[in-house]
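Here's the structure we're looking at; comments come further down.
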Amino acid sequence: MSYGGAAGALPAVADATLHIERGEFVALVGPSGCGKSSLLKIVSGLAKANSGHARIDGREIAGSQASGGRASVGMAFQNATMLPWRSTLENVLLPLEVSRDTRATFRRKKAEHIEAARNLLKVVGLEGYEDHAPYELSGGMQQRASLCRALIHGPELLLLDEPFAALDAFTREELWDVLQNLWLQRKFTVILVTHDLREAAYLADRVYVMSKRPGRIVYERPVALPRPRSLETTFEEDFVALVHVLRDHISEVRAA
Amino acid sequence: MISSLKLTPVKLAPWVATIGLFILWEAACRLFAIPEFVLPAPSKTVAALIEYGPAIWHNAFYTFWVTLLGFALAVVFGLALGIVTGASALVYSAIYPLLVGFNSIPKVAIVPVLVVWFGIGTIPAVLTAFTISFFPIVVNVATGLATLEPELRDVLRALGARKLDILLKVGVPRSMPYFFASLKVAVTLAFVGTVISETVAGNAGMGHLMLTAASSFRVPLVFAGLLVIAVMGVGMYAIFALAERRLVGWAFRGAEQA
C-alpha cells in the first residue's frame, strides 16, 4: 500500500491497494477478521508485510520500528488503555516522554508540553479534568483523552482501530464530532478502522470496503458530503443512500 | 473520611471473629476438661506468656529480625528476578520451570544442607526465610509485567519508544499492585521459614524456644510462642497492606467506592 505523495500504489494484506493523500480521512470497513487491524499494524511499522510495500512519502515503513521507523504516528484503540496511576494530563504526556523525537528534551520543554496537552484536552472538552485519575472519567471521556494522547506529539498520521466501538450510541456520535473538529483544525491524515458504517460515512473522505480474510479491497467510495458534517447530515438523503450502498457491499462480502 | 471513623460491621468483623474464636477455645477447654498438655486454654496460654515474658520477648525479637533480613533479601532479589523474568519471554520460559521446581522443595529439607554449609545459627534461618518468601514475589512481579496490554505497548513502540522506557514507565508501575499483594503473603511465609529453621537447627528464636518447651511438656509455653508468631505475622501483614493502600491505591478504586 502506499501513502502520501506520488509513490505509486502497492498491495497489503492480500491484494489491498490503498492510496491515501496527505491530510485525507480514510475509513476502512469490513467484516470481522478481514485483516483491517493487520493493515494498521503494517502502516504503523509494528508489523512487516510479507510481500508488497508500505510507504510514507515514498519512504519504506520499517517493520518492528527498531530500524528507524517514524515517530510521526499516533494510535488509539477501542480500549482507551489509560495508565491508572497517572492523571489524565500525565497520560496525555506519555508519548512525549518516550518518543524518539522528544524524550531527550522532555524535561527541558516540560512546561511547553504541558501547555500543549492542556490545549488539546480543552479542544476535546476535558478542560478541568487534567488532574483527574482516568478511572474517574467516563468511557467517553477516557476515549477523548486517548485521542489527545494519540495526537499530543503532532503526528502526521493517526491510526484508529475501532476507537468508539465500546461506547454507547450517543457518546459515540458526540465523539465523531470531537474527532471531526480535531481533524478540521489540524489536518493530519487518518486511517479509521470501524464496523460502524454511519461512523465511516460521517467522518471519512473516502471509504474502503474490505473482503473477508485474506483482506482485499472490494469497494472504494469517496464521500463528497460537505464539512463540517453534523448529526443532521446523517438524516439527509445522500448520507442514507451512501450508508445503504456500503451496507450492500458488506452483505456481499459476508455472504461470499 | 467520615466513613473511616465510623464503626461499620465490616470494620468490627475481624475483632468479633478473633475474640469469638478465643472465647470458643476457652469454653471448649473448660467444658470438656481438656488437659493442659493437650490443648491449653487461652487463659493458660496468656499466663505462660506473662510467666516466660522475658525469654519470649528475647527470642521473638531475634526471630523478628532474622525474618525481616530474609524477607528483605527476598524483596530485593524477587523484584529484580521478577522484572527480568516478566520483561523477557525468553528468560520467562527458561527460568519458570526451575522456579516452580525449587518452590516445590519442602524448605524443611534444605535446612540440614544449609547447616552443613553455614553451621547452626542465624544464617540458615535467614536463608530459609529468604527461599520461602522469594517465589511469590517473583511470580507476582513477572505476572504483572507479562499482562501489559498489547495495545498500549503498540502505541509506545509505534512512537519509537525503547524497551527500557516501556518497562520503566508502564511495565514496572503496572506490576506494583501485584508486587505489594505478594509482599503481604511473602512476609508471613518468611516467618514460617525462620521458625522452621530455628526448630530444625537453631540455638535461639521462637522455633528453638517452642521445641525446648515441647520437649519438657510445657505446652502452654508452646502455644504462647505460636500466639506471638501469629501476632507478628498479622502485624507485618497489616503494615504491608497499609503500604499497599498508600502506594498503589489506584488499583483499589473499585473497593473504595463500594
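Numbered from 1 within each chain, the chains take letters A, B, ... in sequence-line order.
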Would you name the heavy atoms of B:V170 and A:W85 that are closest together and state the gap between them? O-CH2, 3.4 Å
What do you reckon, is [atom1] of [X] surrounded by more than 12 foreign heavy atoms closer than 6.0 Å?
X	atom1	value
B:F77	CZ	no
A:F188	CZ	yes
B:Y237	OH	no

Distance in Å, A:L94 CG paired with B:L152 CG, rounded so as to fall on 0.5 Å steps: 7.0 Å
Output the distance between atom NZ (B:K169) and atom CZ (A:R86), rounded to the nearest 0.5 Å. 6.0 Å
Chain A shares the most heavy-atom pairs under 4.5 Å, among B:K163, B:E149, B:R162, with B:R162
What I'd like to find out is whether the side chain of A:L83 reaches to under 4.5 Å of the side chain of B:W250, using heavy atoms alone. no
Let me see the working for B:D165 and A:E97 under side chain to side chain contact (heavy atoms under 4.5 Å, CB included), right down to the final yes or no. CA-CA 9 Å; B:D165 275 336; A:E97 288 176 38; over 6 Å; no
